[in-house]
Every structure is written in structure tokens, then in C-alpha cells.
Trainee: 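I am attaching a structure below and will ask some questions about it afterwards.
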Amino acid sequence: MTPDQILEALDPEQQQAAESLVGPVCILAGAGTGKTRTITHRIAYGIAKGYYSANRVLALTYTNRAAGELRLRLRNLGIPGVSVKTFHAAALAQLQFFWPQFAGIPAPTVIESKARSIAKAAEGLKLSFDPASIRDIAAEIEWRKYSMLSLDDYAAIVETRPKVAGLSAERNLQLQGAYEVAKAAANKLDWEDVLILTLGMLRAEPRAITHVRQQYRFFTVDEYQDISPLQHALLDEWLGDYQDLCVVGDPNQTIYSFTGATSEFLSNFAERYADAKVVQLTRNYRSTKEIVAFANRLTADVSNLEPLQSQGALGVAPLIRPSATIAEEAAVVAQAISDKLDQGTAPSEIAVLYRVNGQSESIENALTHLGISYQVRGGERFFSRTEVQQAMQAIRVEALGSTDKALYHAVTDIMRSLGWQSQAPQVKGAPYDRWEALNSLVQIVDEMPEQASLEEFAKELDERQRSQHEPLKPSITLATIHAAKGLEWEVVFMVGASEGYLPIAYAKTPAEIAEERRLLYVGVTRAKKELTISWPKTDVAGGRTREPSRFLSSWATRN
């Protein structure tokens, strides 16, 4: 493909970004404006014009799904040799390569489950937590490490942090300390440790950082609004004195502050790099004009960016609808989904989004009552399945040996040993669910780079488990709004959009409320054709009256 042909597929603003090939470049890409298309075409154009060598480009993402999409699009553009990795995968590869050279032993391995490690540390302190509390504790550990705080640093500010899982500041510190001690004793790392140790190693070993900078010269960072201080410190170390950095992000989609992410690096990019090229993408190719107008109203008073401009049809106005109870809301949504399926909408094009995982139960019950299949994203359900755990363990064991088999044959042989067949069973229920889970692992092979090894496949699965990157199934999707980021559906239902959930009850400060507004914006912009937002007027479980989200108040009063 010629350079001109590469540019032909882009709109004027995307072309402007793609032609900005050297030095610092910042692409402010609104929801649905084609950011992935832009950065892949920019890389392909730079290689076609001779500015880059494919093997010296490193494109960084936050999820394996995004990395896989980037790799696939680059291959379709005839550019197969670019390294596209998550921050964690890139750091782990460097740690495993250099650690034996400097320490004389293999690098520590990554724990399979932070939740299990936290629960085990808690047992030693005679503490017990439910899964939701363990998730909260894990999130606090991640916030501390992504913010580059040691336990001593954290101890100095722990009193100012929100209470986690009902723990006092003292018990919180004890638990985090016990978690770190147990992990070190087992010679294990968590994924944040991978970043910390890689950064420390590169700073301490000139030979290592010289090697990395000789290997990678041109960097692209996706979802730059979600970068943490720790990840940015590592990126700075990789860059050194060079400034060939292209970042793409959207301040209106900053929704991970609770993990230590900050959009300040994106907002201050032009100040940090005085000669930075800044390009804004505003043409939305995803959603109808009505949905885009609704999204723009959410950010009109709080964003410095230009509003989105829908390139789609007018469409129908988003429906803002209250229900009497949680059960009624779920029943109405389930029936609406059933109607959409009867009208020919594909199950994979319908999603139900909510603020917290606990809100899915009523929807799951209502869908099950109507016999509608669904999948839950954003949890650990897929990777917790017994057959998936068995398959991943078998793959890890097989990867330790040597095999001459192509990846597909190696994986399918392992799956057959666990009862998988190429054809789906004719009976539904548990046998079909087991086959579907194993088959999902087989299908991931198609997303791997050509000539990938079984060891690389094992690492890919581990990273997907870490990032909760579950395989998609041809069924209705249920997800938290956080887990839905980066995805899109024709029809989206957002449920439970009431005060106490959106914004969440513990969001108190102006910054926290602003993030909750951005979260709603992210949910709204997942919809391509139809959007329904609902809430129950009464919380039956607590006997409380619910008010619509303050972000919807002006529309809710009209419905």
C-alpha cells in the first residue's frame, strides 16, 4: 500500500495527525472519532514514507483487546513487524530478559490471583472479607503502587484515604504489609511490581536501558488519559532524551482515577513539549446525531474540547425512563431486549450497563426468566471457570517443554485432552457451556501474531486474566461502565442511574463527582443507534426512595 493510499482512508483531521510523524504529537480523540484507525494509519504511513523501521516502533495500550485490535489493523495495512503491547507485557518481557543477566537467576513469577493472595494474607491476621471487599483492597494496593508510594509513604497519608473494606488505617497497613511479605517469601510479583522492578532495573543498569533505547525509538501510547505516574515514569525512562512520542486520549473519558490514573499528563502535554503538535478529532462515526447531542450536553459545561460532530443518521432520542422498583426495571429491560431480538437485532449488539457489579443480579434473573442468554464482563467469571483454569494450567506446563507444533495444533491438542471437539455439542446446558469456554480459548489463537509460540500464548492468557479481557460471545453483554470502555453496541440499556449509584454514594469531592459525570458520558457513547437510561424509584431492599441521577435531572423531569 502506497503512502497516498494509506492517507485516503482518513478524514482531514486524521490525515493531519497521520502526517505528523516526528517529535511530540498529541491526538485529542473524542468518543467514536476513529482513534485506532488514526494511530495505526499514522504508524503505517511513517513506515511507508521511510521515517520509521517497524521493529523500532513500540505501541502501548492498556488492555490486550486494544493491543490485539492494533496488531490486526496494522497487519491488514501490510505492517506486521510492529511491537504492540500493554505496558505490563512490555515491562514483563524486559524484566524476564534482563533479570537473569544481572541477578543470575530467573525473574520472579507473577501471581495468578491477587484476590487469593490478599485473602491468604488476611487469614494470617484473622480477617475475613467478601469478594467485593477484596476487590476494594486490591484496588487500594494498585492505587498506592501506581501512585509510586512505598508502604512508608502510604502510612503517612493513609488517614486521608477513604476507608477500605471497613478497615481502620492501622489494619489496612497491616494487611498490605502482610500481603507484600507473603508475596516476597513466595518469590512472586504482582503486576504493579513488574512495572516497579523494571523501572528500577532500567535506572540502575545502564546496559539495560541502552539496549531498550536502541531497540525502540518511536513510541505511541493509546488511552493516554488513563496513564498513572508509575507508567509515565517507565515511559520517560524508555524515551530518554528522545521526543518521538505520539499520545492519543480523551479527557472526557478519564474514569480510572481510583487506580492512580491521571489525565494531567494529557492535559499538560503541550506545556511539557513546547513544540508539540496537537490535533483534535471531533467527527464521531459511531453514534446517531441524537445520541451524540445527548453526550455533548453532558460535557458542555465541563470540557474545553470542541463538541463531537456525529457523522451518522439522526436516529431516535435517548429514552430516559423511571421504573417503580428494581425488579420492574429489570423486567422492562429484559422484555425490551426480547423484543429487539425478535426484530432481528443480533444478541452481540445489545448491552446492559451499570455502575457496580452488584446491580447485575436483577438483570440476570430477568433475562434468565425469559430464556435469554447473556455474558457478564468485568468480573472474573470466565477465567474462574474450572475448565478454563485447567486449560491454562495445561498450556503453561506444555509451554515449559519444547514442541515443533504450530500454535493452533498445540492448543487444540491440549483442548482435546480436556474433552474439546471442533464441533459444538448438540445439547445445551453444562456440556455446551464447557465446550464454549474451551472453544473461546482456541479462538484466541487467531488473534495472536504469526509464528507465536505456545509460551507467548500462555503469557497472553495470563495478561488477559489480569486485565479481565474476557472473550466475547454471541450473546447479550452485561457490564459495568468501566468494563465497557472501548466497546460499542447498537442498543445500550443503562440501568440504576440514580443518586447513590451514579454518582456513587462515596463520591463527595468536586473531582470525584466530575469523574462520575465522565463515567456516564462513557456509557452513553457506547451506543450506536439506541440508548435507554433507567432507574428504580424505590430501592426495595432498603426501602429507600431513589432520585434520578443529578446528571439526568433536566431530562428525567420530562419523561
Side-chain angles (χ1 to χ4, degrees), residues 55-56 58 60 83 85-114 116-118 120-121 141-142 144-146 148-153 176-217 219 228-241 392-404 410 449 451-467:
N55 62 351
R56 301 204 68 193
L58 177 59
L60 295 159
S83 290
K85 299 179 179 181
T86 64
F87 271 92
H88 292 89
L92 181 61
Q94 292 174 20
L95 191 69
Q96 291 177 332
F97 180 78
F98 290 115
W99 190 278
Q101 300 179 37
F102 300 120
I105 57 174
T109 57
V110 180
I111 57 176
E112 294 181 13
S113 170
K114 184 178 289 179
R116 284 201 294 270
S117 298
I118 292 171
K120 188 172 182 179
I141 291 172
E142 290 166 12
R144 171 175 64 81
K145 293 187 176 186
Y146 281 131
M148 302 184 73
L149 298 175
S150 67
L151 274 172
D152 288 341
D153 296 331
Q176 291 201 40
Y179 165 78
E180 297 296 339
V181 168
K183 188 159 49 64
N187 196 31
K188 296 283 189 179
L189 304 174
D190 59 29
W191 282 102
E192 296 74 54
D193 293 333
V194 170
L195 300 180
I196 293 168
L197 286 182
T198 302
L199 176 61
M201 179 188 65
L202 295 179
R203 286 176 170 174
E205 299 291 348
R207 282 185 297 158
I209 191 57
T210 298
H211 180 103
V212 171
R213 289 175 185 165
Q214 287 175 344
Q215 180 178 9
Y216 297 122
R217 179 70 170 74
F219 292 82
S228 68
L230 174 58
Q231 290 162 325
H232 208 276
L234 184 57
L235 176 64
D236 278 346
E237 197 64 32
W238 287 334
L239 276 166
D241 294 330
M392 290 177 64
Q393 182 60 30
I395 289 168
R396 291 190 195 102
V397 171
E398 190 72 17
L400 294 175
S402 58
T403 177
D404 296 329
Q451 309 303 319
S453 67
L454 191 61
E455 181 181 7
E456 290 170 328
F457 184 66
K459 291 178 181 177
E460 172 79 5
L461 295 181
D462 287 340
E463 171 68 6
R464 285 180 180 234
Q465 182 177 28
R466 182 203 66 79
S467 60

Trainee: Which value, rounded to the nearest 0.5 Å, describes the distance between L95 atom CG and L199 atom CG?
Mentor: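 Here the interatomic distance stands at 11.5 Å.
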Trainee: State which residues pass side chain to side chain donor-acceptor pair (under 3.5 Å) with Q393; sequence neighbours excluded, sorted by chain then number.
Mentor: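 Partners of Q393 by the side chain to side chain donor-acceptor pair (under 3.5 Å) criterion, ordered by chain and then number, come out as R396.
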Trainee: Show me the pairs that pass ring-ring contact (aromatic ring centres under 6.0 Å, His included) and involve residues 196-217, at least two apart or across chains.
Mentor: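 The answer is F97-H211, F98-H211.
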Trainee: Only counting residues at least two apart or in another chain, list the ones meeting salt bridge (charged side-chain N to carboxylate O under 4.0 Å, His left out) with D153.
Mentor: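 D153 satisfies salt bridge (charged side-chain N to carboxylate O under 4.0 Å, His left out) with no residue once adjacent residues are dropped.
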Trainee: List for me each residue that meets side chain to side chain contact (heavy atoms under 4.5 Å, CB included) alongside P100, sequence neighbours excluded, and say none if there are none.
Mentor: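 In terms of side chain to side chain contact (heavy atoms under 4.5 Å, CB included), with neighbours along the sequence ignored, P100 is linked to no residue.
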Trainee: Work out which heavy atom in L189 is nearest to a heavy atom in P108; give both atom names and the distance.
Mentor: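 Closest approach of L189 to P108: CG-CB, 3.7 Å.
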Trainee: List the steps and the verdict of side chain to side chain contact (heavy atoms under 4.5 Å, CB included) for I395 and L461.
Mentor: CA-CA 10 Å; I395 289 168; L461 295 181; 3.7 Å; yes
Trainee: Under the side chain to side chain contact (heavy atoms under 4.5 Å, CB included) criterion, do H88 and Q231 qualify, and how do the steps go?
Mentor: CA-CA 9 Å; H88 292 89; Q231 290 162 325; 4.2 Å; yes
Trainee: Roughly how far, to the nearest 0.5 Å, is OG1 of T109 from CG of D462?
Mentor: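 Answer for the CG-OG1 pair, D462 versus T109, is 10.0 Å.
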Trainee: Quick one: do W191 and K114 satisfy side chain to side chain contact (heavy atoms under 4.5 Å, CB included)? Show the steps, please.
Mentor: CA-CA 9 Å; W191 282 102; K114 184 178 289 179; over 6 Å; no
Trainee: Roughly how far apart are I141 CD1 and L151 CG, rounded to 0.5 Å?
Mentor: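 One gets 9.0 Å once the value is rounded to the nearest 0.5 Å.
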Trainee: For residues F219 and L239, report the shortest heavy-atom separation together with the two atoms involved.
Mentor: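 It is CD1-CD2, 3.6 Å.
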Trainee: Holding to side chain to side chain donor-acceptor pair (under 3.5 Å), I want the full list of residues that pass it with E180, two or more places apart in sequence or in another chain.
Mentor: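 With sequence neighbours excluded, E180 shows a side chain to side chain donor-acceptor pair (under 3.5 Å) to R144, K145, K183, given in chain and number order.
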Trainee: E192 and Y146: which non-hydrogen atoms are nearest, and at how many Å?
Mentor: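 For E192 versus Y146, the nearest heavy atoms are OE2-OH, 3.7 Å.
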Trainee: Locate the shortest heavy-atom distance separating A233 from R203; write the atom from each residue and the value.
Mentor: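 Result for this residue pair: CB-NH2, 4.0 Å.
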Trainee: Taking everything shown except E460 itself, do over 12 heavy atoms lie less than 6.0 Å from its CD?
Mentor: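 Yes, enclosed.
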Trainee: Do K188 and V110 come close enough that some side-chain heavy atom pair is under 4.5 Å?
Mentor: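 Contact flag for K188/V110 side chains = no.
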Trainee: Ignoring hydrogens, what is the shortest heavy-atom contact between M148 and P229? Give both atom names and the distance.
Mentor: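 So the minimum-distance heavy-atom pair works out to SD-O, 3.6 Å.
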Trainee: How long is the gap from CD1 on I111 to CD1 on I118, to the nearest 0.5 Å?
Mentor: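 So the gap between those two atoms works out to 7.5 Å.
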Trainee: Find the distance between CH2 (W99) and CD (E205) and round it off to the nearest 0.5 Å.
Mentor: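 So the CH2 of W99 and the CD of E205 are separated by 10.5 Å.
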Trainee: With sequence neighbours left out, what residues match L202 under side chain to side chain contact (heavy atoms under 4.5 Å, CB included)?
Mentor: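 L202 satisfies side chain to side chain contact (heavy atoms under 4.5 Å, CB included) with Q94, T198, A208, I209, V212, L234, E237, W238 only.
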Trainee: On a heavy-atom basis, which atom in A107 and which in Q96 lie closest, and how many Å separate them?
Mentor: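 So the two residues come closest at CB-CA, 4.2 Å.
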Trainee: About how many Å separate CD of E455 and CG of L400, when rounded to the nearest 0.5 Å?
Mentor: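 Atom-to-atom, L400:CG and E455:CD are 8.0 Å apart.
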